[in-house]
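Computed from heavy atoms alone, side chains included, the values below leave out hydrogens, waters and symmetry copies. Model, not experiment: these values are computed from the prediction.
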Amino acid sequence: MMFQAPKGVPEYYPPRSAIFLAVREAFAKAAANAGYSYIEVPVFEDTALFARGVGESTDVVTKEMYTFTDRGGRSVTLRPEFTAGVLRSTLEHNLHQGQLPVKLWTTGPAFRYEQPQAGRYRQLQQFNVEAIGTEDPAVDAETIAIAWSGYRALGLTKVRLMLNSLGCRNCRPQYRAALQDFLRRLDLDEATRQRVEINPLRVLDDKRPEVRAQLADAPLIPDHLCASCKSHHDKVRTLLEDLSIPWEDNPRLVRGLDYYTRTTYEFDHPDLGAQSGIGGGGRYDGLSEDIGGPRLPGIGFAVGVDRIILAIEAEGLAVDTPPRVAVYGVPIGEEAARRMFALVHELRAAGIAADMAYGSKGLKGAMKGADRSGASHAVILGERDLAAGTAQVKNLQTGEQSAVPLAEIVTTLKERLTS
RNA sequence: GUGGGUGUAGCUCAGUUGGCAGAGCACCAGGUUGUGGUCCUGGGAGUCGUGGGUUCGAGUCCCAUCAUCCACCCCA
């Protein structure tokens, strides 16, 4: 084999690719139903946008970015996530000057240079939702509800929601100091000690048992929230209760990106191995200012399409794949093939999905093609039919077959397909 | 970046102490020169990941390398 897909890039081809579209469709529908509009943003941006937006101290920025210099000498980076780009676009085009919040969804690939493993890829597919311009906790709950609806629409039953609040610019610094004070007294490796100084909250997320054991008595964020953050957090939870969306409070949930404030949440699935997070999001009330914009709060989430597909498969859910076409043309001989080509075109123009056998296959091979296409009807056309000005219309389920004048094929099939 | 597992036909895999490279599925053709699914018969296919070494002889043993999978760190 001469060429292979780049390392860590999953590909979806038929028949499995149908699941990919179904996942996107489920979330797009949930977002659109909640009044969110589509936004198309670049796959690459100025490197500085991500460095400042996502955070200089994050793993994503320090070691996972696909960064390169373009021919004009500019440093550009393939997006490692969507939020920074969506917010940049919102500000650049003054979408926030209209009525708030600005509600947007988008989808596509993101890129992180990591060592691939189950559910972790260098090109990952995300579905993304952002609500920009309000601090109303109802919008926090709304984004959660959209993600939840998407999972439900796909039939997933084992998705767990974990919820936390990271505080704001007023209460986070005190908590951060208290946490650092605690962490500095622990027995930690060099990399983790550095993290204590740069981004202590992320130490709480460590999965290693030897670290975890030492964190049992660590100060937790919910105990250090200021009055307004506490009230915000309580309101979000009350609203989730109203919607009967079950969640689990997780005071150690911090997430890896620097811009999160107040509400953070994560969805995970128990059957996915080590990479179990299938979606996550939170509030980013300071991000706009971080990237040079006005004060503009926001909240959003991304769900991982690749991992959701793995979850669908892990739960053994069948995604119904409709037949490729409704009608399949079976020509016998060159003259018939030419006539059939036009007939198939007519069927398509009439809104009937149709395909035909190509490459002068034998009748038997062509019928096989009809069978595999999933079509409910075959149209068979040979010398005898041409001479009579008819074609044989065959119901592939029942085997019934009858001659129909060529001029009436389209209307006849239209009737038979709706009945 | 670190650790471990696996690379043989399109797919899933078998291959004994080193001795002619195989099966199932899929695909194609025929059985039926104008009829699919089931059945029967036949067929095409592989530089055994790649490069080197040991040997009369390597899919099998050794070394290197690449790819892939799983895990750590971290994240969707």
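- With rounding to the nearest 0.5 angstrom, the SG atom of A:C171 is 10.0 Å from the NE2 atom of A:H224.
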### Task
Represent RNA chain B in dot-bracket notation, 5' to 3'. Only Watson-Crick or G-U wobble pairs with both distances under 3.5 Å count; pseudoknot-style crossings use [ ] and interstrand partners use |.
(((((((..((((.....[..)))).(((((.......))))).....(((((..]....))))))))))))....
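- Residue-to-nucleotide contacts include no donor-acceptor pair under 3.5 Å from the side chain of A:Q123 to the base of B:A76.
- Taking only distance into account, the side chain of A:Q401 meets the base of B:U35 through a donor-acceptor pair shorter than 3.5 Å.
- Counting any heavy atom pair closer than 4.0 Å across all strands shown, A:E383 reaches a base atom.
- Between the CD1 atom in A:I132 and the CG atom in A:L95 there is a gap of 8.0 Å [rounded to 0.5 Å].
- Taking the C1' atoms as reference points, B:U16 lies 47 Å from B:A76, given to the whole Å.
- With rounding to whole Å, A:R195 atom CZ is found 12 Å from B:C72 atom C1'.
- In this structure, A:R122 is positioned above the aromatic face of A:Y113, its NZ or CZ under 6.0 Å from the six-membered ring centre and within 45° of the axis.
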Enumerate all atom pairs, one protein N or O and one N or O from nucleotides 65-68 of chain B, separated by less than 3.5 Å.
from	atom 1	to	atom 2	distance (Å)
B:A67	O2'	A:Q4	NE2	3.3
B:U68	OP2	A:K7	NZ	3.4

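- Nucleotides B:G10 and B:G19, compared at atom P, are 25 Å apart to the nearest Å.
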Let me have the donor-acceptor pairs involving side chains of residues 15-28 of chain A, under 3.5 Å, with sequence neighbours excluded, atom names and distances please.
from	atom 1	to	atom 2	distance (Å)
A:R16	NE	A:E313	OE2	2.7
A:R16	NH2	A:E313	OE1	3.2
A:R24	NE	A:T107	OG1	3.4

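- On a pure distance criterion of 3.5 Å, no polar donor-acceptor pair joins the side chain of A:D371 and the base of B:G37.
- The backbone N or O of A:A145 sits less than 3.5 Å from a side-chain atom of A:S149, completing a donor-acceptor pair.
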Please list each protein N or O that sits under 3.5 Å from an N or O in nucleotides 38-46 of chain B, with the distance.
none

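- Map A:G273 and A:R307 each onto its nearest nucleotide of RNA chain B; the residue landing nearer the 5' end is A:G273.
- The same atom, P, is picked in B:C25 and in B:C63; the two are 39 Å apart, to the nearest Å.
- A salt bridge links A:E289 and A:R169; the closest N-O separation between the charged side-chain nitrogens and carboxylate oxygens is under 4.0 Å.
- Straight-line distance from the CG atom of A:D268 to the P atom of B:A76: 12 Å, rounded to whole Å.
- Annotation: A:Y151 is in aromatic contact with A:F267 [ring centroid separation under 6.0 Å].
- A salt bridge is defined here as a Lys NZ or Arg NE, NH1 or NH2 lying under 4.0 Å from an Asp or Glu carboxylate O, and A:E114 with A:K63 fails to meet this definition.
- Here the side chain of A:R372 is nearest to one of B:G36, B:C27, B:C74, namely B:C27.
- Nucleotide B:U35 holds its C1' atom 5 Å from the NZ atom of A:K394, rounded to whole Å.
- Judged by distance alone, with hydrogens and angles left aside, the side-chain atoms of A:R160 form no donor-acceptor pair with the main-chain N or O of A:D268 at under 3.5 Å.
- Within the 3.5 Å criterion, the main-chain N or O of A:L188 finds no donor-acceptor partner in the side chain of A:T192.
- Look at A:K235 and A:D140 and you find no salt bridge, because none of the NZ, NE, NH1 or NH2 atoms lies under 4.0 Å from a carboxylate O.
- One interatomic measurement links the two molecules: CG of A:L124 to P of B:C74, which rounds to 18 Å at whole-angstrom precision.
- Taking atom CG of A:L396 as the reference point, atom C1' of B:G37 lies 10 Å away to the nearest angstrom.
- Taking the six-membered ring for Trp and thresholds of 30 and 60 degrees, A:F68 and A:F44 have ring planes inclined between 30 and 60 degrees apart.
- Checking side-chain atoms of A:T134 against main-chain N and O of A:P101 turns up no donor-acceptor pair under 3.5 Å.
- B:A76 atom P lies 16 Å from atom CZ of A:F111, rounded to whole Å.
- Judged purely by atom type and a 3.5 angstrom limit, A:N128 has no side-chain atom pairing as donor or acceptor with the backbone of A:F82.
- Among residue pairs with one or both ends in residues 26-55 of chain A, those qualifying as salt bridge (Lys or Arg N to Asp or Glu O under 4.0 Å) are A:E45-A:R88; sequence neighbours excluded.
- Map A:G362 and A:G279 each onto its nearest nucleotide of RNA chain B; the residue landing nearer the 5' end is A:G362.
- Nucleic acid contact class of A:A370 (heavy atoms, under 4.0 Å, all strands): none.
- Proximity of A:Q117 to the phosphate of B:C72: a side-chain N or O atom is located under 4.0 Å from OP1 or OP2.
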Any N/O pairs under 3.5 Å between the protein and nucleotides 6-11 of chain B? List them or say none.
none

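- Set against B:G34, B:A76, B:C28, the side chain of A:D385 has B:G34 as its closest nucleotide.
- One C1' atom belongs to B:G34, the other to B:U68, and the distance between them is 49 Å to the nearest Å.
- Using a 4.0 Å heavy-atom criterion, one finds that A:R384 contacts the bases of the nucleic acid, with or without backbone contacts as well.
- A salt bridge does not link A:R283 with A:E135: none of the charged nitrogens is closer than 4.0 Å to a carboxylate oxygen.
- The same atom, P, is picked in B:G7 and in B:A14; the two are 7 Å apart, to the nearest Å.
- Note on A:E114: a base of the nucleic acid sits closer than 4.0 angstrom, heavy atoms only.
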### Task
Carefully, step by step, assess A:L381 and A:I332 under the rule side-chain contact (heavy atoms from CB on, under 4.5 Å).
CA-CA 6 Å; A:L381 189 64; A:I332 310 160; over 6 Å; no
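- Atom CD1 in A:I380 sits about 9 Å away from atom P in B:G36, given to the nearest Å.
- Spacing of C1' atoms, B:G18 relative to B:C74, comes out at 46 Å, to the nearest Å.
- Separation of the C1' atoms belonging to B:C13 and B:C39 is 26 Å when rounded to the nearest angstrom.
- Residue contacts shown for A:Q392 include a base, since a base heavy atom lies under 4.0 Å away.
- Comparing B:G15 with B:U60, their P atoms sit 14 Å apart, to the nearest whole Å.
- Taking atom CD1 of residue A:I332 and atom C1' of nucleotide B:U33, one finds them 11 Å apart after rounding to whole Å.
- Nearest nucleotide to the side chain of A:Y121, out of B:A76, B:G34, B:C27: B:A76.
- Side-chain nitrogen and oxygen atoms of A:Q115 include none within less than 4.0 Å of the OP1 or OP2 phosphate oxygen of B:G1.
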